[in-house]
There are 2 protein chains.
Amino acid sequence: MKEIYFDNAATTKTDKRVLKEMLPYFKGKYGNPNSMHNKGIEARQAIEEARQKVSNILNCSKEEIIFTGSGTESDNLAIFGYARKNRDKGKHIITTKIEHHAVSHCFERLSKEGFDVTFLDVDSEGFVFAEDLKKAIRNDTIFVSIIYANNEIGTIQNIKELAKICKEKGVAFHTDACQAANYCNIDVLDLGVDMMTLNGSKIYGPKGVGILYKKKGVEIEPILYGGGQENGIRSGTENVANIVGFAKALELVYEEKEKEIRKLTELRDYFINELLKIPDTKLNGPRENRLPNNVNVSFANIEGESLLLLLNEEGIFASTGSACSSKDLAPSHVVTAIGNSPEIAHSSMRFSLGKDITKKQIDIALGFIENFVKKLRKMSPLDFSIEELIMKNKKARECGE
Amino acid sequence: MKEIYFDNAATTKTDKRVLKEMLPYFKGKYGNPNSMHNKGIEARQAIEEARQKVSNILNCSKEEIIFTGSGTESDNLAIFGYARKNRDKGKHIITTKIEHHAVSHCFERLSKEGFDVTFLDVDSEGFVFAEDLKKAIRNDTIFVSIIYANNEIGTIQNIKELAKICKEKGVAFHTDACQAANYCNIDVLDLGVDMMTLNGSKIYGPKGVGILYKKKGVEIEPILYGGGQENGIRSGTENVANIVGFAKALELVYEEKEKEIRKLTELRDYFINELLKIPDTKLNGPRENRLPNNVNVSFANIEGESLLLLLNEEGIFASTGSACSSKDLAPSHVVTAIGNSPEIAHSSMRFSLGKDITKKQIDIALGFIENFVKKLRKMSPLDFSIEELIMKNKKARECGE
């Protein structure tokens with residue numbers, strides 16, 4: 001059975017060209033980059049070349065790139081690192097209601113450490129209002145973190161505008177750009193961000209590596225202490241192979257970005273339009289300023305999980321939300337944050353495309369999806385139209401439920 | 001030029017058999033283990049099989065193994081995780097003066113967070129006295145961390161005895177067993193430890209993966225927050241390839257342990273005996289209860305670093321101490337903790353053997369070492385005998401310098 005992989009937001013396949021660059025560091029070039037002999041120097045050079053490549057793409061200096069073990073670690077390092085280091089400057093920090101858990105759970109933790117956290121609302125398509133951010137910033141606000149492109153519904157924020165607001169108010173600004181890296185502008189100078197997180201496993205690189213861009217002068221404290229690697233900010237022997245792989249992966253997605261955006265935008269729009277022909281189906285997230293690889297819809301009266309399992313039997317791999325919280329039975333906090341009822345959230349499905357996807361695969365999938373939705377609805381005790389579900393939810397929200 | 005690699009304590013070469021097990025997870029089996037479809041399930045199974053393998057070797061249950069991104073991270077997780085979670089039970093914590101920085105720098109950090117830290121002395125061979133530990137434990141002591149086998153001088157502690165003392169006093173006990181894993185008993189039940197750190201890059205596995213054994217019931221808080229992987233203790237998408245590689249590597253070193261101990265003990269003793277024939281040379285660390293792969297000597301009146309660089313030119317890769325602090329110009333804290341003067345510490349060299357090392361390679365190295373030591377001594381302005389240096393230091397210590 002041929003596989004159709006619609007879960008690129010969860011993780012991407014390592015590009016062959018990336019793996020090829022990594023392999024020497026599992027073989028002859030196995031030195032510890034902190035060793036002073038040639039075998040160490042060879043590994044050190046590989047890391048520094050990787051750092052140079054990444055910084056060229058991000059338009060920053062080499063010293064502003066910190067290699068970490070994951071996107072999660074980079075988010076944690078930015079948030080905990082900044083807040084804990086600068087807590088004497090103020091205790092108010094801001095984020096949104098649609099962050100990845102690697103961000104939101106850090107803010108929740110910080111609220112237990114005495115910080116006052118504002119979680120900004122988003123509109124029905126997942127956009128943060130610049131005005132809301134402006135209003136939320138207080139005299140004691142020190143830090144803001146806003147996801148660049150949402151992992152569930154694909155909403156791309158106007159990071160430049162949001163970062164500018166923070167800059168004007170002297171507040172540090174971090175963005176989790178894990179999903180954005182493949183398709184959005186990641187020129188940190190142009191964006192005006194103070195910190196930015198990227199993740200190897202979302203850019204056709206290896207799992208277990210991330211970077212944090214940290215602008216010169218922005219002070220953070222480490223999470224991990226030890227040998228003082230990465231300028232004292234991130235201790236632990238550097239994962240040379242993964243660092244080399246990360247840089248190669250970023251280079252490739254950067255080179256192929258325009259082509260991929262064109263190709264995937266067309267496929268995405270086709271996929272969405274065809275899905276919306278299925279009765280009582282609702283798109284989650286916007287039509288414009290949406291990740292070219294993100295499709296997220298809700299099918300009234302069915303459980304997304306049931307559909308996922310039926311598709312899985314056919315070798316079609318999709319998701320009901322963030323893979324990182326798939327074991328969580330609660331409906332997606334992102335799909336509900338844009339105003340959906342728990343029912344609609346439970347019936348949502350994410351199809352995240354990747355560079356290998358073809359129109360033919362989408363057509364095959366569409367055939368199965370249509371059939372399975374019908375089948376599941378026949379079995380469902382519920383029989384609402386999508387409009388009824390939306391109205392029901394609207395009323396419930398108005399009544400303050 | 002043939003290479004002779006004497007820096008296995010810094011990092012080991014990834015075993016071919018390990019890499020072979022890892023490769024499928026960079027290719028077809030690239031799923032996110034948290035995804036609910038077959039591609040995710042396949043990755044999840046790989047992780048759980050790896051966990052089972054590791055727990056079989058450690059003689060614990062699967063649920064007691066936490067995969068992390070490095071030995072450093074495991075140490076940090078054990079130390080910060082336990083101390084911060086249990087700070088209401090007491091503020092006194094204990095470690096030794098010969099820990100790896102991944103441990104000692106955590107304790108230093110905790111002392112800034114209000115903990116009272118005791119750094120235990122060691123004897124002239126690097127052993128911790130059980131009596132010292134007993135005396136150091138107070139009513140408010142909650143946690144002890146002692147390195148199993150020292151990375152610089154090879155001293156193997158009686159972990160069983162030290163863990164027992166802690167158990168009797170109701171104090172949690174962690175050991176950093178990164179260097180010990182290849183050659184020592186790592187049966188956690190037999191050892192009686194509460195937590196134990198292992199590192200992939202020291203056991204012929206990949207860099208960028210470690211484990212923390214954490215006994216059931218021992219409560220720690222996470223360092224990294226997010227998707228709640230590893231039972232909520234360590235968030236971040238699991239590095240499937242590295243986890244699989246770690247388990248395979250541990251399995252191989254476990255299977256080959258007895259053979260390696262026999263082989264390396266013989267080679268080590270031969271190497272040490274030959275080195276001690278060079279005049280004014282001193283062994284650092286013990287003869288008994290020493291890692292079979294560790295050779296550490298000081299050559300009076302020379303700088304270890306100069307010798308390292310000369311050997312490097314011949315393709316012989318050694319170390320002056322811990323690779324993780326090689327850029328630190330201060331003499332090794334371990335070599336000085338066993339009573340050596342800064343001069344003797346500066347003249348120390350570590351040769352850490354590995355499974356590929358041969359007697360022939362040692363003989364080649366010995367020839368160069370002898371020559372270079374002579375050469376460097378001719379150039380040195382100093383002309384002390386090793387006895388004079390030892391006496392000088394003894395007197396200085398008695399005068400309280």
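Letters go in sequence order (proteins before strands), and every chain restarts at 1. Just so you know, these numbers come straight off a predicted model, no measurement behind them.
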Side chain, backbone, both or neither: which part of A/N76 has a heavy atom under 4.5 Å from chain B?
side chain

Who among B/M22, B/K16, B/K27 has the most heavy-atom pairs with chain A under 4.5 Å?
B/K27

Side chain, backbone, both or neither: which part of B/L308 has a heavy atom under 4.5 Å from chain A?
side chain

Can A/K13 be said to sit on top of A/Y5's aromatic six-ring, NZ or CZ under 6.0 Å from centre and within 45° of the ring axis?
no

Report which part of B/L224 has an atom under 4.5 Å of a heavy atom belonging to chain A: side chain, backbone, both, or neither.
both

I'd like to know if A/E221 pairs up with B/K112 as an ion pair, taking the criterion as any Lys NZ or Arg NE/NH1/NH2 lying under 4.0 Å from an Asp or Glu carboxylate oxygen.
no

Best-contacting candidate, A/G236, A/S70, A/A241, against chain B by heavy atom pairs under 4.5 angstrom:
A/G236

Note, B/H333 side chain near B/E99 side chain (heavy atom, < 4.5 Å):
no

Part of A/L23 within contact of chain B (heavy atom distance under 4.5 Å):
side chain

Tell me, for B/A43 versus chain A, whether the close heavy atoms (under 4.5 Å) come from the side chain, the backbone, both or neither.
neither

Need one label for B/T12: side chain, backbone, both or neither, based on atoms under 4.5 Å from any heavy atom in chain A.
backbone

At a heavy-atom separation under 4.5 Å, does B/L311 approach chain A through its side chain, its backbone, both, or neither?
neither

Assess whether side-chain contact (heavy atoms from CB on, under 4.5 Å) is satisfied between A/V103 and A/I147, documenting all intermediate values.
CA-CA 9 Å; A/V103 168; A/I147 191 166; over 6 Å; no

Step-by-step side-chain hydrogen bond (donor to acceptor under 3.5 Å, both in side chains) determination, A/D75 to A/H100:
CA-CA 10 Å; A/D75 282 337; A/H100 188 279; 5.3 Å; no

Under 4.0 Å between a Lys/Arg side-chain N and an Asp/Glu carboxylate O for B/D15 and B/K20?
no

d(A/I98 CD1, A/S104 OG) to nearest 0.5 Å is 11.0 Å

